[in-house]
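Everything below concerns the one structure shown next.
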Amino acid sequence: MEEDEFDRWARELEQQMQREIENTYSSIVIREWLNPSNMGGMRDADAHARYTGPCGDTMELFLKIEGNTVTGASFLTDGCGATIACGSMLTKMISGEPVERVRGVTDAHLLEKLGGLPEENEHCATLAVNTLHLALKEWKEKT
Ligand code: FES
């Protein structure tokens, strides 16, 4: 394949992938996936959990908790783009919120904030929310 031909093929493939992503995911999911907030570890976290879902992907969540308020949150994941979007949106949703309110966060809340996910990706929201509840449980046990 000549270089021009290869470049054209690569560009068309990229455009096709982009169209497929746009047809599959909400614009919010795409934004959070491609430009995630709060992705990374946290050195002085007050709560931390690492959870592997049934799909084999893992999320790690770090929380800074002052008094009874979640003052910061960050995440790491080896999961799919939808999971990155879930971690990003979830950490934004809970930052600045009282722990009691954060305890009530469900995967349905997260899915609503993301403008939904395809059915085959809904478990990615469950993975993120389960990791959050595990972190809160561990925090409760040590305080
Ligand atoms: Fe496993 Fe998204 S596919 S968390």
Side-chain angles (χ1 to χ4, degrees), residues 1 5-143:
M1 205 183 288
E5 202 180 329
F6 177 80
D7 286 347
R8 194 168 47 248
W9 173 80
R11 199 172 43 250
E12 282 170 8
L13 184 64
E14 195 183 325
Q15 286 167 351
Q16 186 186 335
M17 285 169 62
Q18 176 124 17
R19 276 195 302 276
E20 279 173 24
I21 289 172
E22 285 169 3
N23 289 337
T24 306
Y25 298 101
S26 75
S27 57
I28 303 170
V29 170
I30 295 170
R31 185 192 70 209
E32 299 295 322
W33 169 3
L34 299 180
N35 189 20
S37 300
N38 306 315
M39 193 156 82
M42 189 187 285
R43 242 180 248 267
D44 56 347
D46 298 301
H48 166 252
R50 192 169 200 276
Y51 179 77
T52 301
C55 66
D57 293 333
T58 299
M59 180 167 282
E60 215 171 335
L61 198 72
F62 305 84
L63 302 175
K64 187 82 199 143
I65 301 176
E66 290 169 49
N68 263 319
T69 302
V70 175
T71 55
S74 70
F75 76 100
L76 291 168
T77 185
D78 62 1
C80 63
T83 311
I84 294 172
C86 287
S88 176
M89 184 58 86
L90 183 64
T91 52
K92 287 196 284 192
M93 279 168 68
I94 63 175
S95 293
E97 295 293 336
V99 170
E100 276 320 305
R101 199 180 163 115
V102 173
R103 267 190 226 292
V105 171
T106 65
D107 37 7
H109 293 138
L110 179 55
L111 286 168
E112 192 186 322
K113 278 279 188 187
L114 287 167
L117 278 171
E119 203 178 323
E120 64 270 23
N121 282 116
E122 287 183 354
H123 72 275
C124 310
T126 307
L127 171 71
V129 171
N130 284 350
T131 312
L132 169 65
H133 291 305
L134 195 58
L136 288 174
K137 184 170 173 269
E138 289 181 6
W139 175 75
K140 178 90 175 165
E141 283 167 5
K142 75 177 185 191
T143 53

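When a ligand or atom number is given, it counts from 1 through the structure's own listing order.
In this model, no donor atom of one side chain and acceptor atom of the other lie less than 3.5 Å apart for H123 and T126.
The pair K137-E141 meets the salt-bridge criterion, with a side-chain N (NZ, NE, NH1 or NH2) lying under 4.0 Å from an Asp/Glu carboxylate O.
In this structure a side-chain-to-backbone donor-acceptor pair under 3.5 Å is present from K142 to D46. Judged by distance alone, the side chain of T77 and the main-chain N or O of T58 form a donor-acceptor pair under 3.5 Å.
Remark: K140 pairs with R103 by the side-chain contact (heavy atoms from CB on, under 4.5 Å) rule, at least two apart or across chains.
For ligand 1, the protein residues placed under 4.0 Å by at least one non-hydrogen atom are C55, D57, C80, T83, H123, C124, L127.
Distance check, rounded to the nearest 0.5 Å: OG1 of T83 to CG of D57 gives 5.5 Å.
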